Novice: 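Mind having a look at this structure? Questions to follow.
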Amino acid sequence: MNRQEAENRIVELSKLLEKYNYEYHVLDQPTVPDAEYDRLMQILIELEEQYPELKLQNSPSQRVGGEALEGFEKVEHRIPMLSLSNAFNEEDLKDFDRRIRDRIGENFSYVCELKIDGLAVSLTYENGLFVRGATRGDGTIGEDITNNLKTVRSIPLSLTESVTIEARGEAFMPKYSFEALNEAKRESGEEPFANPRNAAAGSLRQLDPKIAAKRNLDIFLYGIGQLQGNTVASHSDGLDYLKKLGFKTNREWLRCENIDKVIEYIESWVERRPNLPYEIDGIVVKVDSLTHQEELGFTAKSPRWAIAYKFPAEEVVTKLIDIELSVGRTGVVTPTAILEPVTVAGTTVKRASLHNEDLIREKDIKLGDFVVIKKAGDIIPEVINVIEEKRTGIEVEFYMPESCPECASKLERIEGEVALRCLNPKCPAQIREGLIHFVSRNAMNIDGLGEKVITQLFKEELIHDVADLYKLERDRLLQLERMGEKSVDNLLQAIESSKNNSLERLLFGLGIRYVGAKAAKTLAQSFETVDQLMKADKEQLVAIDEIGEKMADSIYRYFEKPEVKELIQELDSLGVNLTYKGSKPDAGAEVDSYFAGKTIVLTGKLEQMSRNDAKAAIEALGGKITGSVSKKTDLVIAGADAGSKLDKAEQLGIEVWSEAQLQDQLN
Ligand code: IVH
């Protein structure tokens with residue numbers, strides 16, 4: 001075979017193999033025996049070895065797994081990957097429905113889908129070719145697991161149209177693969193996975209894609225993140241479109257005209273659930289029309305247009321052996337039940353938070369009791385009640401101590417709160433917990449610095465405050481237990497790169513009372529530097545949208561403290577970035593553009609660009625995009641079929657532009 005013939009053959013084989021692959025794994029309708037597929041794959045691999053330069057960028061030979069990686073790169077999700085709020089019963093669903101009807105009226109429908117129990121992934125295609133796959137991570141930053149995802153046979157390496165799209169879905173391990181994998185693990189004396197979700201996540205986090213390739217993972221796509229050049233009007237159209245592009249979508253979805261139909265759908269799945277070949281943990285309910293979705297908008301964590309109904313949790317009985325006390329970052333002392341280990345919803349449970357003394361009294365929990373436990377939302381174990389009939393009389397009443405279990409200062413109950421608090425700011429437990437918070441995912445996000453390592457560093461007195469993290473020395477770290485050269489170097493590297501974080505991560509990490517991740521971002525955006533923020537008085541703070549009196553007061557008092565001022569100065573001299581690095585919706589003065597400092601609402605269907613691209617373009621020019629029209633809105637951009645938002649803009653006399661006007665301005 002000459003080079004030209006080899007090239008033709010490689011192209012032909014690649015196409016054919018992907019076609020067979022699609023028929024088998026997406027359509028579930030194989031047209032050739034497995035042996036034929038394997039034979040052609042072997043020929044392709046050999047040809048590619050002979051002519052490496054002819055290998056196609058998206059060759060099906062990558063399905064068996066390429067080179068192992070050293071670590072995963074981080075990937076930023078330009079559109080955050082949010083999670084869903086939960087409904088646990090009919091009432092929650094009806095509340096959700098009422099909130100929606102209050103906003104958009106009666107004329108809409110829902111789409112119900114199975115909630116697949118796996119892990120969310122994002123798949124990016126450029127001009128129809130699969131270029132990047134990532135985990136959800138913290139929603140903003142995930143990990144690049146492209147090589148592993150290429151081994152998932154139901155993920156197309158190229159699409160039927162040459163589009164640029166970011167699609168989202170749930171990667172999972174089917175029940176039969178999970179059982180086979182655990183069986184093999186048990187045989188070789190390894191610890192089996194607790195549930196299919198952990199098995200799927202564990203497989204996709206392997207650095208060697210050959211391992212992932214053997215794990216029989218699968219995927220269902222359920223949404224579109226970004227889409228260039230094309231638009232869909234509804235979620236259900238989106239699902240059809242994904243299918244048309246060659247993606248695997250779940251076929252069990254259903255359009256429902258009202259919440260009663262939704263409830264019927266859910267009930268039907270309570271019975272059918274065990275027969276599915278994969279695990280589901282609930283039903284996702286979404287408002288279908290994208291215009292309606294837009295109108296409903298988002299809260300900080302989740303869209304208002306969707307909810308996840310969770311199937312009731314499994315309940316089991318176990319014995320309460322002890323109650324342990326722990327002191328949190330804010331000094332709150334929390335009792336934790338130590339339980340005789342039991343398996344609930346696939347994982348072993350040994351502890352459950354009891355929250356506070358009032359709850360212990362209310363549920364009449366005594367040491368030695370038999371208790372019913374379940375996992376709330378199938379994640380966090382919770383004690384539901386005591387089984388009084390099982391008491392023998394030797395059970396012992398539990399009382400909270402009067403002094404802090406870590407530093408022995410007197411515990412106080414703050415008025416209006418149920419919690420007992422240690423008020424000693426030097427309490428070692430509070431400092432340690434504060435450090436753990438500082439490095440955590442939504443704060444400084446320092447890889448390799450989890451609870452264990454922080455506790456170790458703290459015990460060894462290598463760190464006393466967050467500034468000490470930036471003074472750690474390689475030689476000293478190498479003397480610690482379980483710290484090899486490689487982990488020390490990785491750790492120092494992760495600490496070093498955290499210095500470049502944008503200001504909001506630091507602000508959240510400092511653990512200022514009432515300042516969550518969202519408020520931290522707002523503060524960073526509004527003040528841009530710590531200096532400016534420290535100079536702000538309460539009036540300036542309260543003037544910011546979303547910052548209330550209580551938070552403003554807490555921020556002001558925090559930065560007033562001399563030791564905080566000192567800490568900030570120290571962080572500065574250690575090279576930690578103290579400025580905001582993200583987009584600046586409010587930076588009107590700096591960005592010289594028409595949109596700078598303006599509050600803008602996008603509504604209706606855009607034809608020339610996707611709504612997300614329009615949003616990104618406007619934000620890059622200093623505009624702020626919001627979901628609803630109010631007196632504060634400066635401009636409404638209305639695409640085709642714009643609805644109530646356009647009416648409202650006209651009522652309020654707000655300037656309205658067409659998409660063409662937007663294009664002109666952007667150009
Ligand atoms: S929609 C804006 N649909 O459930 C959120 N999620 O908390 C869009 N999931 O992280 C998610 N099946 O990993 C959606 N049919 C489905 C789903 C689904 C499973 C997962 C997903 C998400 C979590 C929601």
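Every value quoted in this text rests on a predicted model; they were computed, and no experiment measured them. Values below: every heavy atom of this structure, side chains too, minus hydrogens, waters and symmetry copies. The residues of the chain are indexed from 1 along the displayed sequence. For ligands, and for the atoms within them, numbers begin at 1 and follow the listed sequence.
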Novice: Partners of Ala617 by side-chain contact (heavy atoms from CB on, under 4.5 Å), sequence neighbours excluded?
Specialist: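 Applying side-chain contact (heavy atoms from CB on, under 4.5 Å) to Ala617 gives Leu666.
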Novice: Charged N to carboxylate O below 4.0 Å: is that the case for Lys286 and Glu113?
Specialist: yes
Novice: Could you pull out every protein residue that has a heavy atom closer than 4.0 Å to ligand 1, ordered by chain and then number?
Specialist: Leu82, Ser83, Leu84, Glu113, Leu114, Lys115, Ile116, Ala120, Glu170, Tyr222, Val284, Lys286, Pro303
Novice: Strictly under 6.0 Å, is that where the ring centroids of Tyr278 and Phe220 end up?
Specialist: yes
Novice: Is it true that Arg153 and Asp218 make a salt bridge, defined as a side-chain N closer than 4.0 Å to a carboxylate O?
Specialist: no
Novice: Just by distance, with hydrogens left out, do Glu126 and Thr164 show a side-chain donor and acceptor under 3.5 Å apart?
Specialist: no
Novice: Answer with yes or no after comparing the ring centroid distance for Tyr265 and Tyr110 against a 6.0 Å cut-off, counting only values under it.
Specialist: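 Not under 6.0 Å, so no.
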